[in-house]
Structure formats: C-alpha cells, structure tokens
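Scope of the values below: all heavy atoms of this structure, side chains included, with no hydrogens, waters or symmetry mates. Residue numbers start from 1 in every chain, and the chains themselves are labelled A, B, ... in the order their sequence lines are given, proteins ahead of strands. Since we're looking at a predicted model, the values are computed, not measured.
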Protein chains: 2
Amino acid sequence: MNIGDVAALSGLPAKTIRYYEDIGLVKPLRSANGYRTFRESDAHKLAFLGRSRALGFSIEDCRNLLALYEDEKRASAEVKEIAEQHLKRIDEKIAELKEMRATLAHLVDACAGDHRPDCPILADLATKQKDEEHLKKTA
Amino acid sequence: MNIGDVAALSGLPAKTIRYYEDIGLVKPLRSANGYRTFRESDAHKLAFLGRSRALGFSIEDCRNLLALYEDEKRASAEVKEIAEQHLKRIDEKIAELKEMRATLAHLVDACAGDHRPDCPILADLATKQKDEEHLKKTA
DNA sequence: GTTGACCTTCCAGCAAGGGGAAGCCCTAGA
DNA sequence: TCTAGGGCTTCCCCTTGCTGGAAGGTCAAC
C-alpha cells in the first residue's frame, strides 16, 4: 500500500502519516522508487492511532498505548492507568471551561449589545485584575 | 515602572509581557539604559489582557477587545459579539470533551485493570476505526 | 511524449509563550 | 574601589501536533 491508500483507509492525512513515521510511531518499508510501503499491520496501527487521538490522547499516550497493544504480556492495569489519567485531565479541562463559560455567560447577559459604549464586559475585564487581589487581601 | 514591577502588578510573567510588546499589544517607552518603562496605562492594559486571556479569549480577540476598550465611541454590540462567539467556541469545546469523556469513562469502567492482558480499552481502539465506517455504510 | 496524479524531501509556520545563554546596568556592601 | 547580586536586554531554540507549500522524482494513461 502507498501512503494515499493507507490515508484513505485510516482517515488520516498523508502529512500526518509522514509525521507519525518521523516521530517513530510507524515504520513503513520503502520500495525501490523510494515510496513508503505500508503493510496491513501499519494500516492497523495508524487506525489505532487515529482512534486514540480522536479520544484526545496525547501523542506520548498513543505511543505507550500502542506499545501495550503490541505487548501480548501487558497488564490491563497499565492501560487503565493511562486512560484514567487522561480522563482526569479531561475532567479538569471541562471544569476549567465551565468556569469560563459561567463568567462569560454572566457578562454577556449583562451587556445590552446596542450602539451605546457602556459595556459590563469591558468594565469587568478592566477592573477585575486589581479587585481580585483586593478581595483576597481584604476578605 | 520596569518590567518586573508591572509583571508583579499584572500577574503576567515578564516573558509574556515582552511577547505582548513583540506582537504589538503594548508599547512601553524605553529609558536611556534600554529598559522598558511602563506607564500606568500600560499596566492597566496588561491587567486587561491577563484577565481576557484567563477567560480563554485568543490573542486576536484580546487585541480587538483592547481596541474597543480604548475606543470611547464603541458600540457595546461589538464587544458582545466577540464574547458570544467565544462563548460558542467554549460550548463546542465542552461538548467535544464531554463526548470523549463519556466514551473513555465507559471503556475505563469495562477494563478490569489487573495483571491480565485482556483489555476492552485496547480492543476498542483497535477495532473501532473500521467498524465505524462499516456501521455508516451498512446502517 | 506529455500530461496529471502520485510520491519524495525540506522549510516555514500556527498559538502562546517557556527556557536558557550571553551580555549590559545598577546598587549595596567590604 | 572593587565586586557580587539581581534585574534587565536580545537572541534563538523548544514545545504540541500537525499543515501548507516549493521543488522535484515516478508512474500510468492517452
């Protein structure tokens, strides 16, 4: 298989596949003309990577997951550990975004959004920075 | 004020402040020895930027917000528009993360996490990529 | 033989800074 | 007066995970 074929199969852009070779995630063979030649197992790995990435795993996580996947003697605990860590990071990110969202929604609500210059959003952005310290100190 | 002072005031690292000057967000003066000299208004802007960034606005959003902030004749509608767009992006991101989270939590739950190699997480990562297409085609 | 679709490598860049080197500047203390 | 230290400067590379483009080789079809 050439890179185009495996790209179509895995759903990954050819550029991404070359990059994955670059960083050692896959090791396709080369044919006489210099083209990359992918085996079934390479296509399989790439699909695995695509799926892992889609779940938000970092490249380093993917590398570890792939190694575990290929290790017949792995302990599922190792896989679970990686997944749980990632789950935790996702939860943290969600919490962070929700907090932003709450503040922002509040401000958007308070803003008239008309032709006048008065704007609670700008007022908040302009004043909070010192008030926060103030509040902490005086609280 | 030197950069260290304004860094302490705004809570931004000196590196970040230099970067913000680089990309034209602030324009501190220079004293004879080459040191940056920040006015009150610069400190104010930097705090504004810090707060905007903390709410997740992109640098370009920040640039626009800052311009509106300084424009006495702005329409609050313009500010609101930027904030609403950002709110929308946050909501999309949260939705995306929640979907990842759901899948991942499901898999983690199903995994024994012991010394045995059998692992639903790996099984899922290994098979979903083609099944998905399959499902779409055969559905 | 010549298009046009592939494929190759390399270089540059995105966001939004962080790390660290090499080298001024300024002040305080012995 | 010298020296140590801390702060400041510029510069360039590193990060994550790719993406785009330029310059050029290859291959199958017409």
Side-chain angles (χ1 to χ4, degrees), chain A residues 1-38 42-43 45-46 48-66 85-86 89-90 92-93 96-97 100, chain B residues 1-38 42-43 45-46 48-66 85-86 89-90 92-93 96-97 100:
Chain A
M1 263 190 296
N2 282 351
I3 200 167
D5 308 319
V6 79
L9 267 180
S10 66
L12 296 172
K15 278 273 187 186
T16 299
I17 296 173
R18 290 195 194 97
Y19 173 65
Y20 286 174
E21 184 191 12
D22 235 42
I23 62 175
L25 287 180
V26 280
K27 296 176 177 46
L29 305 173
R30 294 288 176 143
S31 51
N33 58 14
Y35 286 17
R36 287 169 184 82
T37 298
F38 296 84
D42 295 316
K45 274 196 206 179
L46 286 169
F48 183 101
L49 289 169
R51 176 87 182 137
S52 306
R53 293 287 299 135
L55 279 182
F57 285 104
S58 72
I59 290 286
E60 278 321 294
D61 278 349
C62 288
R63 194 189 299 279
N64 293 325
L65 288 171
L66 202 50
Q85 290 278 337
H86 182 42
R89 281 194 302 267
I90 288 179
E92 288 165 0
K93 191 71 189 165
E96 188 192 338
L97 286 172
M100 285 180 187
Chain B
M1 267 190 293
N2 282 350
I3 199 166
D5 309 318
V6 80
L9 267 181
S10 66
L12 296 172
K15 277 270 186 188
T16 299
I17 296 173
R18 291 196 193 98
Y19 173 65
Y20 286 174
E21 185 192 11
D22 235 43
I23 61 175
L25 288 180
V26 279
K27 296 175 177 46
L29 305 173
R30 295 286 177 146
S31 52
N33 60 12
Y35 286 18
R36 287 169 183 81
T37 297
F38 296 83
D42 295 316
K45 275 196 207 179
L46 286 168
F48 183 99
L49 289 169
R51 177 87 180 134
S52 305
R53 293 286 300 134
L55 279 182
F57 284 105
S58 71
I59 291 284
E60 277 321 294
D61 278 348
C62 289
R63 193 189 299 279
N64 293 326
L65 288 171
L66 202 50
Q85 288 278 337
H86 182 42
R89 281 194 303 266
I90 288 179
E92 287 166 1
K93 191 71 188 167
E96 186 191 338
L97 287 172
M100 284 181 189

Atom-pair distance ([atom1] on [X]; [atom2] on [N]), nearest Å:
X       : N      : atom1 : atom2 : result
B:Asp22 : D:dC13 : CG    : P     : 15 Å
B:Tyr19 : C:dG19 : OH    : P     : 16 Å
B:Glu21 : C:dA16 : CD    : C1'   : 16 Å
A:Met1  : C:dC6  : CE    : C1'   : 16 Å
A:Arg18 : C:dT9  : CZ    : C1'   : 9 Å

Practice item. Return yes if the base of D:dG17 and the side-chain atoms of A:Lys15 contain a donor-acceptor N/O pair under 3.5 Å, otherwise no. Key: no
Review point. Is there a donor and acceptor pair closer than 3.5 Å between the side chain of A:Tyr35 and the base of D:dG25?
Key: yes
Review point. Is there a donor-acceptor pair closer than 3.5 Å between any side-chain N or O of A:Asn33 and the backbone N or O of A:Tyr35?
Key: yes
[X] side chain N/O closer than 4.0 Å to the phosphate oxygens (OP1, OP2) of [N]?
X       : N      : result
B:Arg53 : C:dG17 : yes
A:Asn33 : D:dC27 : yes
B:Arg30 : D:dT10 : yes

Check your understanding: Between atom CD1 of A:Ile17 and atom NZ of A:Lys45, what is the distance when rounded to the nearest 0.5 Å?
Key -> 13.5 Å
Review point. Can a salt bridge be assigned to the pair B:Glu60 and B:Arg63 using a cut-off of 4.0 Å between side-chain N and carboxylate O?
Key: yes
